[in-house]
Amino acid sequence: FNVNPQRQIYHCFGCNAGGDVFKFLQEYEHLEFIEAVRRLAERAGIVFEFEQNPKAERTRRQRDQLLHVHAEQAKRWHDVLMNENIGLMARDYLKSRGITRRAAEAFQLGFAPESWEDTVHWARSKNFDLNLMEDSGLVANKDGKRYGRFRGRLMFPINDEQGRVIGFSGRVLRAEAKAAKYVNSPETILFHKSRVFYGLDKARREILEAKSALVCEGQLDTMACHMAGLKNVVAPQGTALTVDHARILKRYTSEVVLCFDSDTAGQEAAVRSFDSLLESELAVRVMKVPSPHDPDSYIREQGVTAFCELMNAAPGFFDFYLSHLLSGQNVQHERGQREVIRAMGLVVRKTKDAVLLDRCAQQTALAVGA
C-alpha cells in the first residue's frame, strides 16, 4: 500500500485500488461521496461553500460546541467510575457482570453521581454555558431550576460512526429504584435515536470483513460479544430497527442476524424489525438464545464458541416467523390454520419474490397440515 503525498493519491498493490483522499474514505468507511466530503471538511474545519449562510454557520458552531461538551462530560463520568470512591458501586456492578477494566476503558463507561446538581456544578466549573447544557440534554430545567438529567447511573457514551460522543444511555444500579431502568439522551441536533447504533464505531470494519452484522438488544450484550472477540456486533437505542437503521447497515453488509431476547417482547421486536430491513434489501436471520439467557450471560456461561454455533445455525427470517406463529396458534383447529396462513402470506408477499413465496407456501401448508 503506497501513499504519494506530492500527488495526493494512494494505491494498493494488493487489490489494485487507488484514488484520492475522498475515494479512500469512501472505500474505507463505505460512504457516499458527499458524506466523505462532509466528514473531511469537519475534520479540517472547513465549511461547505453551499452551506455558507448565517443559519448553517450557527448550526455548525452549535454542533461543534455540543460535541465538545459531550466529549468532556464523557471524560468526567469515566474518571468518576474508574478512580473516585463514589464510583465503587458501579465498579462492583461491572465486576459482577464480567466487564473488565479494559473493556470499560475501551467503551469509556462512566458513572453519574447521584447529586441532582453535580452536572450543573461541573458545567459551571468548566465555564460551559448552561443554556448549551440544556440544548445538549445533559441538564434539564423545571420551573427555572436546573438539574442533571442523569443521576446515580452507569453511563454508556453513544458515539457516531466517527467515534465522537453524541449522547448517553444511563442504567440505574439500585434494584429498588423506582426510576426507569435505562434513560437515553433526548433528541438533539447530534442525537437521533432512530439513526444510532451503539458500538458501530468499533464494529464497522469487522462488519465489512464478516459480511454480516449481529444486532443485539443492549449495550452490555454488545460489550460481552466484543470482549469475547466477536466484534461485528451493534445494538440500536431501542429494540426495534427503523428504516434509517437498515440503511446504515446496508452501507456495510447485505446480511443481518437479529439476536433479541427469547421472551415474547424480544421475538415481537424481531418481527417488527423485518419490514425496515426488507425495504433495504437486507437478508435477515434470527437467532434465539435459550431462555433465561441473554447474549451476555450465555457467553459467560457457555463460551463464545457455543454462542457462534447458535449464530451460524440461526434460521432465515421466514423459517423463524413460521415457527413463531405456530407457537402462538393451535393449528389443530381451522381458525389457527387460517391465522398462520394469513400472517405468513402477508409477510412473504412483501418480498415480491415468486420463488420464495412458493417455497414458504409449501412449508406453511405442511406445517399446518393443510
Side-chain angles (χ1 to χ4, degrees), residues 35 38-39 42 51 55-74 76-77 107-110 112 116 118-120 122-123 128-172 179-201 203-204 215-219 222 234-251 269 272-273 275-277 279-280:
E35 182 62 24
R38 181 175 288 112
R39 290 195 182 181
E42 288 177 355
E51 292 180 344
K55 183 178 180 181
E57 176 61 20
R58 285 195 300 272
T59 300
R60 186 190 66 81
R61 192 181 305 113
Q62 186 182 26
R63 285 179 62 87
D64 289 344
Q65 291 172 337
L66 290 176
L67 285 169
H68 179 61
V69 164
H70 279 79
E72 291 299 309
Q73 182 72 86
R76 150 72 174 157
W77 282 334
F107 283 84
Q108 206 181 7
L109 302 189
W116 285 69
D118 182 81
T119 298
V120 176
W122 170 82
F128 289 144
D129 183 83
L130 291 182
N131 290 322
L132 180 69
M133 294 299 295
E134 288 186 35
D135 291 339
S136 74
L138 296 169
V139 167
N141 189 329
K142 184 175 182 181
D143 300 326
K145 179 70 173 178
R146 291 187 171 104
Y147 59 92
R149 183 179 299 275
F150 300 100
R151 305 174 305 279
R153 291 177 180 268
L154 177 65
M155 300 304 299
F156 299 86
I158 303 166
N159 297 342
D160 64 12
E161 293 172 60
Q162 299 176 65
R164 303 176 301 185
V165 182
I166 58 173
F168 292 91
S169 181
R171 188 193 194 284
V172 71
K181 186 176 181 181
Y182 280 93
V183 171
N184 291 324
S185 290
E187 296 280 307
T188 68
I189 64 172
L190 294 181
F191 180 70
H192 303 280
K193 187 171 71 171
S194 64
R195 305 176 199 167
V196 174
F197 280 107
Y198 181 73
L200 183 58
D201 59 309
R204 55 185 182 172
V215 179
C216 293
E217 278 196 47
Q219 291 96 345
T222 302
V234 295
Q237 293 303 121
T239 305
L241 298 179
T242 66
V243 172
D244 287 326
H245 282 135
R247 288 171 181 162
I248 292 169
L249 290 173
K250 183 64 175 178
R251 297 211 308 259
R272 291 196 305 272
S273 299
D275 281 356
S276 299
L277 297 171
E279 185 173 321
S280 293

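Heavy atoms only, all atoms of each residue included: G170 and M155 are closest at CA-SD, 3.7 Å. What you find for Y182 and S169 is that their closest heavy atoms are CD2-OG, 3.6 Å. The shortest non-hydrogen separation linking V120 to G148 is CG2-N, 4.3 Å. Shown here for P157 and F107, the closest heavy-atom pair between the two residues is CD-O, 3.7 Å. The two atoms that bring E161 and L200 nearest to each other are CG-CD2, 3.5 Å, heavy atoms only. The shortest heavy-atom contact between V243 and S276 is N-OG, 3.4 Å.
For the pair Q73/V165, no side-chain contact is recorded, criterion being any heavy-atom separation below 4.5 Å from C-beta on. D118 is not listed as a side-chain neighbour of W116, based on a closest heavy-atom distance of 4.5 Å or more.
Of the inter-residue distances, the one linking D129 atom CG with S136 atom OG reads 10.5 Å to the nearest 0.5 angstrom. Note that CG of L66 and CZ of R164 are 11.5 Å apart. Values are rounded to the nearest 0.5 Å.
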Report the C-alpha separation of T119 and F150 in whole Å, then their side-chain angles, then the decisive distance to 0.1 Å, and conclude whether the side chain to side chain contact (heavy atoms under 4.5 Å, CB included) test is met. CA-CA 8 Å; T119 298; F150 300 100; over 6 Å; no

- Apply side chain to side chain contact (heavy atoms under 4.5 Å, CB included) to H70 and I166, showing your working. CA-CA 6 Å; H70 279 79; I166 58 173; 5.6 Å; no

Next item on the list: Evaluate the side chain to side chain contact (heavy atoms under 4.5 Å, CB included) criterion for residues Q62 and D135: first the C-alpha distance (whole Å), next the side-chain angles of each, then the deciding distance (0.1 Å), finally the verdict.
Entry: CA-CA 9 Å; Q62 186 182 26; D135 291 339; 3.3 Å; yes

Open item on the list: Go through it in stages, so that I can follow the logic: the residues are L241 and V215, the test is side chain to side chain contact (heavy atoms under 4.5 Å, CB included), and I'd like the CA-CA distance, side-chain angles, deciding distance and then a yes or no.
Closed with: CA-CA 9 Å; L241 298 179; V215 179; 4.1 Å; yes

*Can you list the steps and then say if D201 with Q162 is a side-chain hydrogen bond (donor to acceptor under 3.5 Å, both in side chains)?*
CA-CA 6 Å; D201 59 309; Q162 299 176 65; over 6 Å; no

If you apply the rule side-chain hydrogen bond (donor to acceptor under 3.5 Å, both in side chains), what do you find for R149 with N184, and how did you get there? CA-CA 9 Å; R149 183 179 299 275; N184 291 324; over 6 Å; no

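Between D160 and R195, none of the side-chain N atoms (NZ, or NE/NH1/NH2) sits under 4.0 Å from a carboxylate O, so this pair counts as no salt bridge. For the pair E134 and R146, the salt-bridge criterion is met [side-chain N within less than 4.0 Å of a carboxylate O]. Salt bridge status for R61 with D64: absent, with no side-chain N to carboxylate O gap under 4.0 Å. Salt bridge status for E35 with R39: present, with a side-chain N to carboxylate O gap under 4.0 Å.
Here T188 pairs with L190, F191 under the side-chain contact (heavy atoms from CB on, under 4.5 Å) rule; sequence neighbours left out.
Using cut-offs of 30° and 60° for the angle between ring planes, the F128 and H68 rings count as perpendicular.
Among I248, I158, T222, the single residue meeting the side chain to side chain contact (heavy atoms under 4.5 Å, CB included) criterion with F197 is I248.
Checking side-chain atoms of T242 against main-chain N and O of S194 turns up a donor-acceptor pair under 3.5 Å. The main-chain N or O of K193 is found under 3.5 Å from a side-chain atom of E187 such that the two form a donor-acceptor pair. Looking only at distances, a side-chain donor or acceptor of H245 sits under 3.5 Å from a matching main-chain atom of V196. With R76 contributing its side chain and W122 its backbone, the two residues share no donor-acceptor pair below 3.5 Å. Distance alone, capped at 3.5 Å, places no donor-acceptor pair between the R171 side chain and the Q219 backbone.
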